[in-house]
Number of protein chains: 2
Amino acid sequence: MSSVTAIKEGMPRQKGSGAPRMKSEERRELILAAASGVFGERGYVGTTTDAVAKAAGVSQPYVVRMFGTKSALFEAVLQRSLGTLLREFRREIAAQGRATPELPGCIGRCYVELLSDRGLLLSLMQGFMLGADPEVGPIVRAGFLEVYRVLRDEGGFSPEQAADFLAEGMMINTLVALRMGADFDTDRDARELIEGTMPAKASMLRDLART
Amino acid sequence: MSSVTAIKEGMPRQKGSGAPRMKSEERRELILAAASGVFGERGYVGTTTDAVAKAAGVSQPYVVRMFGTKSALFEAVLQRSLGTLLREFRREIAAQGRATPELPGCIGRCYVELLSDRGLLLSLMQGFMLGADPEVGPIVRAGFLEVYRVLRDEGGFSPEQAADFLAEGMMINTLVALRMGADFDTDRDARELIEGTMPAKASMLRDLART
DNA sequence: CTCCGTTGTAATCATCCGATTACAACATAC
DNA sequence: GTATGTTGTAATCGGATGATTACAACGGAG
């Protein structure tokens, strides 16, 4: 079929080396993890499906076909992030016991640990900023309230404790989004603010902003 | 291509009514106010210069020419919002006196009042989410730290007081971005969370989300 | 009046991006 | 072997959007 038929030939697949054929579920998780990072960094609108594809090491049409639309991909990322957050909170509650005096501090540490999964908290926060969107809005409102209920009903937080905890969380999210950690070593006020907000794990913010 | 003269004619200026010719500084303020609302609602990337133009009642090229680029327009909006915020805080500090016990509560009320200027706090928050941007990032970090310094140095807040105040502010911003006020009347938990966060002015969030 | 700077718009361009199509390479069943 | 489903990509399309150009209407100075 080489020459005579003038139809254009795709000259494909010379990656003779171990072509890493993968099951679609593995690819799905790979793409979700990559998308979480990109959405967290650039926001929903600022993220291109091509950037996600490159971060995941696949082609752009593959990303779109697997999730249908960019919007569906973002919602899958949100569900994944929220699911991880709730699971970790519940694990901590189970470990420390409901309404123990140590629990708030433990869940706080737990929250900060989640920062190591670059993109998890930031993609959620980017979702919160889309509250006015008729499709994403209801999802993120419900997710936020679910976190509140887990703290109050399963963790035994008082409403005020839960609200204060969430306020601290939003502050941390904001400092991360701002990349305030980049100024940790060079700006006294930045350092004081970060250490005042998360005394234990201040250095984590600095290292996070290095990237 | 209907008629003989194929050249398309620009048929201009039939607005015979009072053409509201305006000085460019008035237009500038009009556009900034409109842009503040649109950027606050849709974020930087999600906002089109055409949407800003329509909100301000002018044409899209006019917006671009007046500010040069969309990015410059956004930075002007940020400076305007930050300027208003700092001015109001300083006014409150001057009225109540530095480091008085009433001051934190007064500045808190002052902050919530700023919500009536739809878009002011939200456009700032949208700016915070751009912290990774090499151009906007330094600007918003500097702005955030300036607010912190005003509270601490001019208001006499302790570092911890200032950090707690900012955390509450970020929580309020998040609730506004989420449009959580939309569920105020229909969801017990949403109402409890809002009232736990801003006891005095909870209804303001509800009314704000009605739009 | 004419001249000219300011205020404003219509039309258009170039680029980016999500989505679609068509197809290639592999895997498994028969 | 052949048939069929799965995994993956190259090429491309159509719409959106920031920016540019060219031009029109006003208003004050002389």
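Keep in mind it's a predicted model, so treat the numbers as computed, not measured. The chains referred to below are lettered A, B, ... by the order of the sequence lines, with proteins before strands, and numbering in each begins at 1. These numbers come from the heavy atoms of this one structure, side chains and all, not from hydrogens, waters or symmetry mates.
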Could you tell me whether B/S59 contacts a base, only the sugar-phosphate backbone, or nothing, with contacts defined as non-hydrogen atoms closer than 4.0 Å?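 The residue B/S59 makes base contact.
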Please work out if A/T47 contacts a base, only the sugar-phosphate, or nothing of the nucleic acid, heavy-atom cut-off 4.0 Å.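 Sugar-phosphate, backbone atoms only, no base.
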A/K70: partners by side chain to side chain contact (heavy atoms under 4.5 Å, CB included), with sequence neighbours left out: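 Testing A/K70 for side chain to side chain contact (heavy atoms under 4.5 Å, CB included), a comparison that skips the adjacent residues, returns A/F39, A/Y44, A/T49.
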Flag, side chain of [X] to backbone of [Y], donor-acceptor distance under 3.5 Å:
X: A/R141; Y: B/L178; result: yes
X: B/S81; Y: B/L78; result: no
X: B/D187; Y: B/A190; result: yes

Integer-rounded Å distance: [N] [atom2] and [X] [atom1]:
X: B/F74; N: D/dG18; atom1: CZ; atom2: P; answer: 14 Å
X: B/Q60; N: C/dT12; atom1: CD; atom2: P; answer: 15 Å
X: A/M22; N: D/dT6; atom1: CE; atom2: C1'; answer: 15 Å
X: A/K54; N: C/dC17; atom1: NZ; atom2: P; answer: 10 Å
X: B/R65; N: C/dG8; atom1: CZ; atom2: P; answer: 9 Å
X: B/E26; N: C/dT6; atom1: CD; atom2: P; answer: 16 Å
X: B/D50; N: C/dT9; atom1: CG; atom2: P; answer: 11 Å
X: B/M66; N: D/dA19; atom1: CE; atom2: P; answer: 15 Å

For the helix from C/dC1-D/dG30 to C/dC30-D/dG1, figure out the bend between the end axes, five pairs an end, and round to 10 degrees.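 Rounded to the nearest 10 degrees, the bend comes out at 10°.
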For a quick test of reading the model: is some side-chain N or O of [X] closer than 4.0 Å to OP1 or OP2 of [N]?
X: A/R27; N: D/dT7; answer: no
X: B/Y62; N: C/dT9; answer: no
X: A/T48; N: C/dC17; answer: no
X: B/S24; N: C/dT6; answer: no

Out of D/dT9, C/dG18, D/dA19, which has the shortest distance to the side chain of A/V58?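 Selected nucleotide (nearest to the side chain): D/dT9.
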Going by distance alone, is a donor N or O of one side chain under 3.5 Å from an acceptor N or O of the other, for A/D153 and A/Y148?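 Judged by distance alone, the side chains do not pair up.
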Rounded to the nearest 0.5 Å, what separates atom CD1 in B/I107 from atom CD in B/E88?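 Between atom CD1 of B/I107 and atom CD of B/E88 there are 11.0 Å.
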CZ/B/R152: more than 12 non-hydrogen atoms of other groups inside 6.0 Å: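 Yes, CZ of B/R152 has more than 12 neighbouring heavy atoms, counting only those of other groups under 6.0 Å.
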